[in-house]
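Order of the sequence lines fixes the chain letters, A, B, ..., with proteins taken first and strands second; residue numbering starts at 1 for each chain. Values below: every heavy atom of this structure, side chains too, minus hydrogens, waters and symmetry copies. Just so it is clear, the structure is predicted and the values come from calculations on it, not from any experiment.
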Amino acid sequence: MRTLHLLVNGDRLTVAAPDHWTLVEVLRYRLGLTGTKQGCDKGDCGACTVLLDGKPTLACILPAARAEGHEVVTIEGLRPAHCAEGGEGTDPVQDAFDRCDALQCGFCQPGMMLSARALLNENAQPDRETIQEALSGNLCRCTGYTQIIEAVELTVAEAAGADPVPPAWQVDRDGEDLPLAPTGETATGEGED
Amino acid sequence: MLRLPPYRLLEPSSAEEAVKLLTDEPGEAMLIAGGTDLVPNMKHGLFEPKTVISLAKVEGLEGVSDSDAGLRLGPMTTLADASQNELIIERAPALAQAAGVVAGPQLRNVGTLGGNLMLDTRCRWYNQTYFWRKGLGYCLKKDGTLCHVVEGGARCVAAASNDTVPALMTLNASAVFLGPDGEREVAIADLWTNDGIVNKKVSADELLIAIKVPPQAPGHHGTYAKLRRRDSIDFPLFGCAVRLDLDEKGTVSGADLAAVALVARPMRVKGVEELLLGTKPGSEAFDQAVEEVAQLAYKRCRPLDNVPGDAEWRREMVPVYVRRALRSATASSGA
């Protein structure tokens, strides 16, 4: 057992944990920060990605003691960090993921968004290939990455001054409100013959 | 969820202290640098050290310095830093490339050059959970007596999977170890044995304190080509580094080829320089020599069913990756 002095999402925290605990265990089971996901738990999938001094790092294979003296940012810290810099609402990356439907089950999403945020902090205008490379350590088993990459591209475009794109679920292709149910025909469950 | 077996974590602040701690508990203590190899292995029950000695706070193990003797690379330099370091990119382009394709971005931010050199060998029957390995009756490398790769095999053939090692071999790099009796320097090409259980001639109480890359020829070029299923995260299914030295006329004055992810030791393909000497990239003679080198590598490199990926397919990929490495080497930076 050891006492860890951590800096997580701007908060200085003192927490006791066994020597062999990883950072993801301390975050989830000592600090209650369950936004960091425990996926494969052996450094393959990227679901446990956190930012260590701004760099994406896998919390599931990082001994917790290694985080001492470094700044840890988890998904819970993205919005406060954005607001602290004078922004409003959620981090633009989170907002873009929402509007691009860049998730299904959502398990990979915290790691994806942190990898994307780290990239955009380093390079405000990455091209598609750079985005793909930056997200290549995060696996998604649902959506197939297209919308995830589009979400990062949207963040980049809007940061460069492009018009905000309204959420996909609010408008259909003609700009009309989407009907709640198909009009005209009503499904009865009865066949025609 | 995969829990680590309990251990005591020590954080020495000097290399001498780390070696002292290692010798205090012979066979019970292990070193941890970035931990990207050791931690998953411990989670799989492959290592259960009583004490883990972290190198994170040891001074003087990080960074790249330059002198007349060449580059001195601190083993705690992360792979991400090494791949972006201007001195390494300029003087040892193959090493920068290799460091830049180890695993994925998050792993390179923590994984180190020294850790990649000291990487444990890998095998599809070994790098599995305890439950999985138990179901098969274990294997030769860990807890068992049977090899699942080579029928009746008495020697472990787990594959050396260090991406940076072929590059370091073609650069004629050496490693400096600190032990209880002081420092020793050994050529990285001479570090290996053909035993997959422990494939390095390094004593358990030695600590890697530096990697030295000697000055290269004025027209040095180098590159690393890596076969893997995904262009990220994966260990190599085959990897090869080439060195191509060009004289002032642009003809080849020196060459080397080394490969990894075949057997327990990284392998230098001998006879490559003779085939390429005197040819000029872009000429027909060079293309012919490249083809001969590719066929030579195909003959010498025989992948086993030790790492994922069909062995036959990996073998067919050998000449493909050797050709790619040689052709792109001339485009790489050179000092």
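Counting heavy-atom pairs closer than 4.5 Å to chain A, the top residue among B:V110, B:V52, B:D234 is B:V110. Among B:V39, B:T36, B:I32, B:N41, the residue with the largest count of heavy-atom pairs under 4.5 Å with chain A is B:V39. Taking B:S232, B:G35, B:A103, B:G104 one by one and counting their heavy-atom pairs under 4.5 Å with chain A, the maximum is reached by B:S232.
Of the two parts of B:L38, neither the backbone nor the side chain holds a non-hydrogen atom closer than 4.5 Å to a non-hydrogen atom of chain A. Contact of A:C40 with chain B is made through the backbone alone, with heavy-atom distances under 4.5 Å. The part of A:L139 that comes within reach of chain B is its side chain, from C-beta onward, which places non-hydrogen atoms under 4.5 angstrom from that chain. With a threshold of 4.5 angstrom between heavy atoms, A:L62 approaches chain B through side-chain atoms but not through N, CA, C or O. Heavy atoms of B:S54 lying under 4.5 Å from chain A belong exclusively to its side chain. Both the backbone and the side chain of B:L2 come within contact range of chain A, with heavy atoms under 4.5 Å apart. Residue contact with chain B, scored on non-hydrogen atoms closer than 4.5 Å, involves the backbone of A:A134 exclusively.
Residue B:Q84 qualifies as enclosed at atom CD: its count of foreign heavy atoms under 6.0 Å is above 12. Heavy-atom contacts from other residues, nucleotides or ligands closer than 6.0 Å to CZ of B:R230 number more than 12. Within 6.0 Å of NZ in A:K55 there are 12 or fewer heavy atoms belonging to other residues, nucleotides or ligands.
In this structure, A:R2 pairs ionically with B:E11, as a charged nitrogen and a carboxylate oxygen lie closer than 4.0 Å. Classification of B:K43 and A:E25 as a salt-bridged pair fails, no side-chain N sitting under 4.0 Å from a carboxylate O.
Side chains of B:Q106 and A:T49: a donor on one and an acceptor on the other come within 3.5 Å.
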Item to check | Candidate pair B:N109 and A:L52, rule side chain to side chain contact (heavy atoms under 4.5 Å, CB included), full reasoning | outcome: CA-CA 9 Å; B:N109 282 337; A:L52 194 71; over 6 Å; no
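In this structure the side chain of A:S115 never reaches within 4.5 angstrom of the side chain of B:P105, judged on heavy atoms. Contact of the B:P40 side chain with the A:I61 side chain is registered, since non-hydrogen atoms from C-beta on lie closer than 4.5 Å.
The two residues B:P5 and A:H20 come nearest to each other via the heavy atoms O-CB, 3.6 Å. Annotation for B:L9 and A:A65: closest pair CD2-CB, 3.5 Å, computed over non-hydrogen atoms.
Rounded to the nearest 0.5 Å, atoms CG (B:D231) and OG (A:S136) are 8.5 Å apart.
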